[in-house]
There are 2 protein chains.
Amino acid sequence: MLKLSKKADYGLMALKYLAEHPEPVALSAKDIADAYGIPAQLLAKILQQLTKSGLLRSHAGMNGGYALAKEARQISAYEVIHSIDGPFFITSCTKGANGCDLTPSCTIKEPLARVNETIAGVLKSISIQDLAEQEQPAGTPAQTLVTLTV
Amino acid sequence: MLKLSKKADYGLMALKYLAEHPEPVALSAKDIADAYGIPAQLLAKILQQLTKSGLLRSHAGMNGGYALAKEARQISAYEVIHSIDGPFFITSCTKGANGCDLTPSCTIKEPLARVNETIAGVLKSISIQDLAEQEQPAGTPAQTLVTLTV
DNA sequence: TAAACACGGACTGAACAAGTCGGATATTCA
DNA sequence: TGAATATCCGACTTGTTCAGTCCGTGTTTA
């Protein structure tokens, strides 16, 4: 069905939340989980993963928590999704290590690989800050993000 | 992980195969399944679904089989995927009938909805014929498919 | 009539996602 | 120093979805 996992959703929400609440103190996983009503333990794992990927900085102990490791503008949705869900390929046979096992080289996925790159490009062009700047002023001119050529 | 189901892959492959083998006679599900080495019964179900959606025409009985209901140029990858996998939304909470159950309106997905539309647009712009015309002549100018604005 | 085909429901096994549990480690504060 | 609050991390359960199979029915043609 071509959809993100809930984990990726949670991760994006959490980063957005962190971007919206700049850092007088670090926010704990529980803080964010409570704000959105999502399972705290699950979110904690996600944030740990994002920390391992270098998108967040963590601080243990009392008054510890998480903060963005970079500016919100510097973190793309792609990085978040990639960190949580791993590399994604729109084609089922990932053409990676073992290649495709279907007999005649599955010619479908060469064009679909371009679709894949397009999606990745779109996600790379969207930053956490874009997510945080939710209410776009009415008069703001739309910004071109991606132009796909085939 | 944001990937297509194998069924959708199979469906695209089958339509491509039908586009490449114009219709002196209809091709049976088994013919196509054998050509690609995929389970015949599974492919049969997929083709039945595509028939129900109006993308294929079927003919029962001996020497029966399937043929494209429209020209290959008129069938988009989007239609195929939509027919097999149903409507796809990149966001987990589909914002559809029941809305999002997360407490503060999940502000993440408004921007992601645009990503979703972009993906759909890309898939809509790719036809079965595009898949069949695998070897693109080297000199062919790239064609702009989609421009996303946010 | 019999073979070859589409049609369609029900079922199984495997994989995956979502969430939980329990414990270890690190840091701060009283 | 000890308690409280965190991150950290692996193992586990549960539910759902995917992929594939089985089997019976209907339809067409030789």
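Here is how names work: the chains are called A, B, and so on, in the same order as the sequence lines, proteins then strands, and each is numbered from 1.
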C:dC7, OP1 or OP2 - any side-chain N/O from B:Ser58 closer than 4.0 Å? yes
Starting from the 5' end of DNA chain D, give me the residue, A:Ser28 or B:Pro39, whose nearest nucleotide shows up first. A:Ser28
For B:Gln74, which residues count as a side-chain contact (heavy atoms from CB on, under 4.5 Å) partner, sequence neighbours excluded? B:Lys70, B:Glu71
Just how far, in rounded Å, is P of D:dT7 from NZ of A:Lys30? 11 Å
How close or far is atom C1' of D:dC8 from atom CZ of A:Arg57, stated in whole angstroms? 18 Å
Can you list every pair that meets salt bridge (charged side-chain N to carboxylate O under 4.0 Å, His left out) and has a residue in residues 45-54 of chain B, with sequence neighbours left out? none
May I have the distance from B:Leu4 (atom CG) to D:dT17 (atom P), rounded to whole angstrom? 18 Å
Can you give one letter per nucleotide of nucleotides 22-30 of chain C, going 5' to 3': B for a protein heavy atom under 4.0 Å from the base, S for sugar-phosphate only, - for none? B---BBBS-
Could you note down all residue pairs passing salt bridge (charged side-chain N to carboxylate O under 4.0 Å, His left out) where residues 24-33 of chain B supplies at least one of them, sequence neighbours left out? B:Lys30-B:Asp34
Applying ring pair (Phe, Tyr, Trp, His ring centres under 6.0 Å), can you list everything that pairs with B:His82, at least two apart in sequence or on another chain? B:Tyr78
What integer distance in Å separates A:Asp85:CG from C:dC16:P? 13 Å
Working to the nearest 0.5 angstrom, can you tell me the gap between B:Leu18 CG and B:Leu27 CG? 5.5 Å
For C:dC5, take OP1 and OP2 only and decide whether either is under 4.0 Å from a side-chain N or O of B:Tyr66. no
Length of the NZ-C1' vector between B:Lys6 and D:dT17, whole Å: 14 Å
Between CD1 of B:Ile46 and P of C:dG8 the distance, given in whole Å, is 15 Å
Rounded to whole Å, how long is the line connecting atom CG of B:Leu42 with atom C1' of D:dC18? 10 Å
Nearest heavy-atom approach of B:Ser83 to B:Leu55 is CB-CD1, 4.4 Å
Across the strands shown, which category fits A:Ala44 at heavy-atom distances under 4.0 angstrom: base, sugar-phosphate, nothing? nothing
Considering every strand and a 4.0 Å limit on heavy-atom distances, what is the contact class for A:Ala26: base, sugar-phosphate, or nothing? nothing
Residue list, side-chain contact (heavy atoms from CB on, under 4.5 Å) with A:Ala19, at least two apart or on another chain: A:Leu68, A:Ala72, A:Ile128, A:Ala132
To the nearest angstrom, how far is B:Lys7 atom NZ from C:dG8 atom P? 14 Å
Which of the following nucleotides, D:dA19, D:dA6, D:dT21, is nearest to the side chain of B:Lys45? D:dT21
Quick one: is D:dG20 close enough that its OP1 or OP2 comes under 4.0 Å of any side-chain N or O from B:Tyr10? yes
